[in-house]
Amino acid sequence: MITLSEYIIKKQHEFPEATGELTSLLGSIQLAAKVVNREINKAGLVDIIGTTGVENVQGEVQQKMDLYANDVFKSALKARGEVCGVASEEEDEFVTFDDQEGMNNKYVVLMDPLDGSSNIDVNVSVGTIFSIYRRVSKIGEKVILDDFLQTGDKQVAAGYVIYGSSTMLVYTTGFGTHGFTCDPSLGVFYLSHENMQIPDDGAMYSINEGNYLKFPLGVKKYLKYCQEIDSATKRPYTSRYIGSLVSDVHRNLLKGGIYIYPSTASSPQGKLRILYECNPMAFLVEQAGGRATDGFRRIMEIDPTELHQRVPFFCGSPNMMDKVEEMMAEFSPEANYFQPV
Ligand code: AHM
Ligand code: MG
């Protein structure tokens with residue numbers, strides 16, 4: 001049995017100039033994940049479920065656990081001393097670690113500390129998503145916005161933690177996607193899914209069909225295709241939508257499938273955030289042999305201009321992605337972005 005810490009150290013040589021900083025950084029994420037996991041397991045017993053009544057910068061009501069997870073991850077990253085700044089879905093601005101030690105570090109972390117957090121109230125899986133970049137500004141100075149606004153293909157590492165029926169940490173450094181399952185009695189993550197490979201094809205689609213009337217025409221056409229009867233292509237596909245990106249993508253990675261959060265008439269840019277959610281998930285899915293786009297463009301090549309920028313998100317098994325993109329391409333951009341309700 002190989003632990004996550006052993007595995008990360010074993011793989012350190014994959015980085016030619018490795019100094020152990022990234023290894024240590026991933027260690028701090030692992031530690032924070034265990035702390036958050038412990039709290040989530042108490043939901044229902046102690047006063048940690050429900051909302052704070054406060055909205056975040058994106059106009060979404062924050063859950064108590066959102067703030068708790070945000071604090072835990074931020075403190076763990078600061079304490080370990082490998083990071084010069086953090087940007088979080090739960091913070092309006094990026095946070096700089098601007099003491100001398102912090103400014104001398106080379107990595108920035110972007111995160112969604114608790115994705116799908118409203119699911120906690122009803123005991124459904126949630127997750128943490130993280131993305132790590134090398135800063136572009138000078139070491140020794142304060143981090144700047146450009147350190148965070150990098151394209152996804154510059155990610156050094158990315159991963160997620162899924163707090164589900166078991167707790168798993170899945171990460172990539174660009175050398176495959178690897179999953180580790182936590183043994184709750186020991187609080188140790190063990191390698192359980194080395195080199196995850198998403199099946200080329202799948203028979204499951206995940207999308208919030210409640211928004212159907214507002215969807216782009218290409219997506220509507222694809223949904224109709226998914227629901228048609230054709231035994232040769234295993235259709236109709238099964239519809240599975242948990243409403244927790246991490247859980248939906250995790251299942252698709254293992255079983256094959258597609259996740260779509262498209263633009264809608266009311267949210268032309270979609271809902272998910274490119275920096276905290278889409279880029280890290282795209283990196284993981286691509287490293288497992290899948291694809292991730294906004295329906296047209298590869299997610300990891302889109303140049304972000306704002307910290308909390310949203311983007312339509314399509315990701316999953318390569319053959320399913322080919323099909324939906326073929327259908328998106330049949331309609332004009334207007335028909336795909338601004339459908340009247
Ligand atoms: P969050 O980061 O505020 O939790 O929002 C992201 C979540 C995803 O996990 C999930 O796939 C999606 O939002 C669900 O949104 P909707 O309820 O609109 O379908
Ligand atoms: Mg989220």
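These numbers come from the heavy atoms of this one structure, side chains and all, not from hydrogens, waters or symmetry mates. Whatever order the structure lists ligands and atoms in, that order sets their numbers, starting from 1. FYI, the numbering just counts along the sequence from 1.
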Report the residue from P312, S263, P262 that forms a side chain to side chain contact (heavy atoms under 4.5 Å, CB included) with V219. P262

Using a 4.0 Å cutoff against the non-hydrogen atoms of G243, which atoms of ligand 1 qualify? 9 (O), 10 (C), 11 (O), 14 (C)

Measuring centre to centre across the rings, with the benzene-like ring taken for any Trp, is F148 within less than 6.0 Å of F94? yes

With only distance considered, is Y241 within less than 3.5 Å of ligand 1 through an N or O on each side? yes

Numbered in order shown, the ligand 1 atoms found under 4.0 Å of a heavy atom of E89 are 1 (P), 2 (O), 3 (O)

Measure from atom 8 (C) of ligand 1 to every heavy atom in D112, V126, L245, I260 and give the option owning the shortest one. L245

Taking the six-membered ring where the residue is Trp, are the ring centres of Y276 and H308 under 6.0 Å apart? yes

Relative to each other, are the rings of H250 and Y160 parallel, tilted or perpendicular (30° and 60° limits)? perpendicular

Atoms of ligand 1 close to S117 [distance to a heavy atom under 4.0 angstrom, numbered from 1]: 4 (O)

What protein heavy atom sits nearest atom 11 (O) of ligand 1, and how far off is it? Y259 OH, 2.6 Å

Do S5 and Q30 have side-chain N/O donor and acceptor atoms under 3.5 Å apart? yes

Which heavy atom of the protein is the closest neighbour of atom 18 (O) of ligand 1, given with residue, atom name and distance? Y261 OH, 2.6 Å

Protein contact to atom 13 (O) of ligand 1 [nearest heavy atom, distance to 0.1 Å]: K271 NZ, 2.8 Å

Search all heavy atoms of V36 against all heavy atoms of L114 and return the closest pair with its distance. CG1-CD1, 4.3 Å

Under 2.8 Å from the Mg ion (ligand 2), the protein N, O or S atoms found are D112 OD2, D115 OD1, E277 OE2

the protein heavy atom lying closest to atom 4 (O) of ligand 1 turns out to be G116 N, 2.7 Å

Short N/O distance, under 3.5 Å, between L272 and ligand 1? no

Distance under 6.0 Å and angle within 45° of the ring axis: does R235 meet both against Y225? yes

Where's the contact between N208 and ligand 1, heavy-atom distance under 4.0 Å: side chain, backbone, both or neither? side chain

Which of these passes side chain to side chain contact (heavy atoms under 4.5 Å, CB included) with Y133: L149, V109, T151, L110? L110

Number the atoms of ligand 1 from 1 as they appear, then name those within less than 4.0 Å of a heavy atom of R273, with their elements. 1 (P), 2 (O), 3 (O), 5 (O), 6 (C)

If hydrophobic clusters are built by linking Ile, Leu, Val, Met, Phe, Trp and Tyr wherever their side-chain heavy atoms come under 4.5 Å apart, do Y205 and M281 end up in the same one? no

Using heavy atoms and a threshold below 4.0 Å, how should the contact between D248 and ligand 1 be classified: side chain, backbone, both, or neither? neither

Tell me whether the NZ or CZ atom of K323 lies within the 45° cone about the ring axis of Y222 and under 6.0 Å from its centre. no

For Y7 and E194, test the side chains for any donor-to-acceptor distance below 3.5 angstrom and give the result as yes or no. yes

Quick one: do M321 and F215 end up in the same hydrophobic cluster if we chain Ile, Leu, Val, Met, Phe, Trp and Tyr together by side-chain heavy atoms under 4.5 Å apart? yes

E82/K106 salt bridge by N-O under 4.0 Å criterion: no

Contact check: L114 vs ligand 1, nitrogen or oxygen atoms, below 3.5 angstrom: no

